[in-house]
Amino acid sequence: MINENLDHIVEHSLKAEPMFTLSADFATKVTQAIVRREQWKIDLREYFLYSSVIAGLVALVGGFYFFIDQDNVTEVLGFLKEHWMSVTIIVLLLKFIFFADKVLLRLLFSRWNLKG
């Protein structure tokens with residue numbers, strides 16, 4: 001009995017015209033939305049990859065200098081301890097500029113190009 005009702009509903013839906021219409025560029029809009037979402041993920045992944053590579057290289061160079069001459073490294077650490085606020089602001093500013101370059105500008109330009 002339930003299968004007969006379902007068959008009747010399916011038959012009726014396939015015969016009747018739908019009560020809505022899709023715009024001509026519906027598929028294009030859906031595709032663009034999917035591309036933007038995937039591009040956002042790719043851009044973020046690339047940003048984090050570059051950031052981790054830069055941090056790894058800084059750590060590697062710091063470790064290399066530590067083994068060569070510990071006095072220079074302790075002087076640098078002393079400078080960082082004294083001026084930690086300035087260094088933090090500079091690092092955050094550089095990180096934001098790098099983030100804007102790798103992620104935000106790409107997002108803005110891709111949306112602008114898709115709409116135009």
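To the nearest 0.5 Å, atoms CD1 (I42) and CG (L49) are separated by 13.0 Å. Going from atom NZ of K102 over to atom OG of S51 covers 10.0 Å, rounded to the nearest 0.5 Å. Here T88 contributes atom OG1 and K95 contributes atom NZ; the two are 13.0 Å apart, rounded to the nearest 0.5 Å. The CG atom of D71 lies 10.0 Å from the CZ atom of F66; values are rounded to the nearest 0.5 Å. Rounded to the nearest 0.5 Å, atoms CZ (R36) and CD (Q39) are 11.5 Å apart. The OG1 atom of T28 lies 10.5 Å from the CZ atom of F26; values are rounded to the nearest 0.5 Å.
Cluster annotation: L22 and I34 are assigned to the same hydrophobic cluster (Ile/Leu/Val/Met/Phe/Trp/Tyr, side-chain heavy-atom contacts under 4.5 Å, transitive). No continuous path of ILVMFWY side-chain contacts below 4.5 Å connects I89 to V87, so the two sit in separate hydrophobic clusters. Hydrophobic clustering (side-chain heavy atoms under 4.5 Å, transitive across Ile, Leu, Val, Met, Phe, Trp, Tyr) groups W40 together with Y50. No continuous path of ILVMFWY side-chain contacts below 4.5 Å connects I97 to L92, so the two sit in separate hydrophobic clusters. In the hydrophobic clustering of this structure, W84 does not group with L93; members are Ile, Leu, Val, Met, Phe, Trp, Tyr whose side-chain heavy atoms approach within less than 4.5 Å, directly or through other members.
Using a 4.5 Å heavy-atom threshold, the side chains of D43 and F99 count as separate.
Using cut-offs of 30° and 60° on the angle between ring planes, the pair Y47 and F98 is tilted.
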